[in-house]
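We use all heavy atoms of the structure for the numbers below, so side chains are in, but hydrogens, waters and symmetry mates are not. Indexing begins at 1, ligand by ligand and atom by atom, following the structure's order. Note that the coordinates shown come from a computational prediction; the quantities given were computed from them, not determined experimentally.
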Amino acid sequence: MSFPFPFLIDQYQRRHTSLRVSVTDACNIRCKYCMPEKVNGFLPTERLLDFDSIVKIVTVLGRAGIDKVRLTGGEPLMRPDLPRLVGMLSRISGIRQLSLTTNGMMLSESIKALVDSGLTHVNISLDTLREPAFRQITRRDGVDRVLRGIEAALNSPLRVRLNALVMRGINLDDVIPLVRFAREQGVVIRFIEFMPLDADRAWSEPQVVSGQELRQMVEQEFGTLKRCPSTDPSQPSRDFQFADGSGGIGFIDPVSEPFCKDCNRLRLTADGKFRNCLFGRQEWDVRGPTKLGASDAEIYKIASDCVLAKFPSHGISDSGFSPPERAMYQIGG
Ligand code: SAM
Ligand code: SF4
């Protein structure tokens, strides 16, 4: 395949092949590690990137070597007509993986349309199986809806993964039941460390349960985990097999073991800004120029400027670190 635009390579020789597209900042739950309890309004529709603009931008990036697109948010299934966007993106040449990250609450209703439109992968967030803990974390009811969403996904042709976030003092006791559930369902579960991206700015290091601590807990219950060799250095998860050779479990440890040196991700916010890092302080507006009819080369230049300005690492552990202005749901996780 030939690429009309040069690859998106930053100053540290990291080649960008993966794009996270946030399609909304709205959400139907209020996870305390992400959103505030009371939201001061979501982006109005007229400020969201429209589907044609998303497709135009992804088409340009596809010609610069981006081959994986993940739709996220907020809760991406809150964006009306999402399967139509999936269908439009699935027809872009060069995009070989089209994934969705969702809280699963609305998944069972939309799974068929998403599959029919060309979605290939889905990651479903699940931090507990218990309704009281779900309510404590999300400030809403509905773990049964998430479980229905997981069931629907597992009965579909999609490649499914579960994502869990553990906060000390909140859901540490849920780790073993979650792992057991994932093993029973035959689905890979990945634990991601709590990062300072909560809207409440209540993050503190003691609340973070490191991947290493989680792994020790899991090994005590299920035996020594066996590391799966990684073929892709930009893959942030360290994946393991269980001792009995079954199932799969992964640990994504951005706080205790940052993986910035192999980061290959570029982000597009729901209001049409490129970001080169979750923790970046700068954004590059692409919505305005796209609406005004920017050429492919102009759109490429905005993405390339953004990538070239990427820092070597997120700096969470640096003295003087402060979290970005926008919280996780506003950036796109
Ligand atoms: N609403 C969808 C969901 O929850 O899956 C997609 C967006 S959400 C921001 C994407 C992922 O980000 C979720 O798996 C969530 O657990 C994770 N996340 C949110 N806030 C986080 C934080 N402060 N640190 C680490 N991960 C976080
Ligand atoms: Fe919503 Fe996802 Fe943030 Fe939870 S993590 S509040 S589901 S956007």
Practice prompt. Consider only side-chain N and O atoms of Ser230 and Arg238, and report whether a donor and an acceptor are under 3.5 Å apart.
Written response: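 Their side chains do not contain a donor-acceptor pair, so the 3.5 Å distance test is not met.
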query = Among side-chain atoms of Glu193 and Ser256, is any donor-acceptor pair under 3.5 angstrom?
reply =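 A pair is found: one side chain offers a donor N or O, the other an acceptor, under 3.5 Å apart.
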Give me the nearest non-hydrogen protein atom to [atom] as residue plus atom name, then the distance to 0.1 Å.
atom	result
atom 15 (C) of ligand 1	Tyr33 CE1, 4.0 Å
atom 2 (C) of ligand 1	Glu75 OE1, 3.4 Å
atom 24 (N) of ligand 1	Met195 N, 2.9 Å
atom 9 (C) of ligand 1	Met328 CG, 3.4 Å
atom 6 (S) of ligand 2	Cys31 N, 3.3 Å
atom 13 (C) of ligand 1	Ser125 OG, 3.4 Å
atom 3 (Fe) of ligand 2	Cys34 SG, 2.4 Å

Which of the ligand 1 atoms, numbered from 1, are nearer than 4.0 Å to a heavy atom of [X]:
X	result
Thr72	6 (C), 7 (C)
Leu165	21 (C), 22 (C), 24 (N), 25 (C), 26 (N), 27 (C)
Glu193	24 (N), 25 (C)
Asn163	14 (O)
Thr102	2 (C), 3 (C), 5 (O)

Notebook entry, point to check: So, Tyr300 side chain and Pro6 main chain: donor-acceptor pair closer than 3.5 Å or not?
Noted result: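 Side chain of Tyr300 to backbone of Pro6: a pair is present.
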Q. Which one of Val86, Leu114, Thr72 satisfies the side-chain contact (heavy atoms from CB on, under 4.5 Å) criterion with Leu100?
A.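 Testing each of Val86, Leu114, Thr72 against Leu100, the sole residue satisfying side-chain contact (heavy atoms from CB on, under 4.5 Å) is Leu114.
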Matching residue for His314 among Phe259, Phe279, Phe321 - test: ring-ring contact (aromatic ring centres under 6.0 Å, His included):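 Only match with His314 under ring-ring contact (aromatic ring centres under 6.0 Å, His included): Phe279.
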- Message: Suppose I only count heavy atoms of Asn103 and a 4.0 Å limit; which atoms of ligand 2 are within that range?
- Response: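 The list of qualifying atoms is 7 (S).
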Per-atom contacts, ligand 2 versus Ile29 - under 4.0 Å to a heavy atom
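Those of ligand 2 that fall under 4.0 Å from Ile29 are 6 (S), 7 (S).
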Phe311 atom CZ: more than 12 heavy-atom contacts under 6.0 Å: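 12 or below, so no.
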Under 4.5 Å between side-chain heavy atoms, counting indirect links through other Ile/Leu/Val/Met/Phe/Trp/Tyr residues: same cluster for Tyr329 and Ile124 or not?
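Different clusters: Tyr329 never reaches Ile124 through Ile, Leu, Val, Met, Phe, Trp or Tyr contacts under 4.5 Å.
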* Would you kindly check if the NZ (Lys) or CZ (Arg) of Arg15 is within the cone defined by 45 degrees around the ring axis of Phe7 and under 6.0 Å from the six-membered ring centre? =>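 Here Arg15 passes the 6.0 Å and 45° test against Phe7.
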| task | State whether Phe51 and Arg84 meet the cation-pi test: NZ (Lys) or CZ (Arg) under 6.0 Å from the six-membered ring centroid, and within 45° of the perpendicular axis. | result |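 Judged by the rule (NZ or CZ under 6.0 Å from the ring centre, within 45° of its axis), Arg84 is not positioned above Phe51.
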CE of Met35 to CZ of Arg30: how many Å apart, nearest 0.5 Å?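 Answer rounded to 0.5 Å: 4.0 Å.
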- Query: Is ligand 1 less than 4.0 angstrom away from at least one heavy atom of Gly73?
  - Reply: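 Yes, Gly73 has heavy atoms under 4.0 Å from ligand 1.
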Apply side chain to side chain contact (heavy atoms under 4.5 Å, CB included) to residues Arg190 and Arg161 and explain how you reach the verdict. CA-CA 7 Å; Arg190 285 175 163 179; Arg161 282 205 191 105; 3.3 Å; yes
Short N/O distance, under 3.5 Å, between [X] and ligand 1?
X	value
Asp127	no
Thr101	no
Tyr329	no
Cys34	no

inquiry  = Just to verify, which of Asp50, Thr290, Asp296 counts as forming a side-chain hydrogen bond (donor to acceptor under 3.5 Å, both in side chains) with Lys56?
reply    =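 It is Asp296; the other options fail the test.
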Notebook entry, point to check: Would you call the rings of Phe251 and Phe240 parallel, tilted or perpendicular, where under 30° means parallel and over 60° means perpendicular?
Noted result: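 The arrangement is perpendicular - the two ring planes meet at more than 60°.
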Next item on the list: Tell me, please: is Met35 in heavy-atom contact with ligand 2, that is, under 4.0 Å?
Entry: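 Under 4.0 Å: yes for Met35.
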Tell me which one of Ser22, Gly333, Gly74 gets a heavy atom nearest to atom 7 (C) of ligand 1.
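Ranked by closest heavy atom to atom 7 (C) of ligand 1, first place is Gly74.
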Notebook entry, point to check: Between Gly74, Pro36, Ser22, which one has a non-hydrogen atom sitting closest to atom 2 (Fe) of ligand 2?
Noted result: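 Comparing heavy atoms across Gly74, Pro36, Ser22, the nearest one to atom 2 (Fe) of ligand 2 lies in Gly74.
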For Ile331 and Arg267, run side chain to side chain contact (heavy atoms under 4.5 Å, CB included): C-alpha distance rounded to whole Å, both residues' side-chain angles, the deciding distance at 0.1 Å, then the answer. CA-CA 8 Å; Ile331 299 173; Arg267 293 168 188 277; 4.2 Å; yes
Is it true that some N/O/S atom of Cys27, main chain or side chain, lies under 2.8 Å from atom 3 (Fe) of ligand 2?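 False for Cys27.
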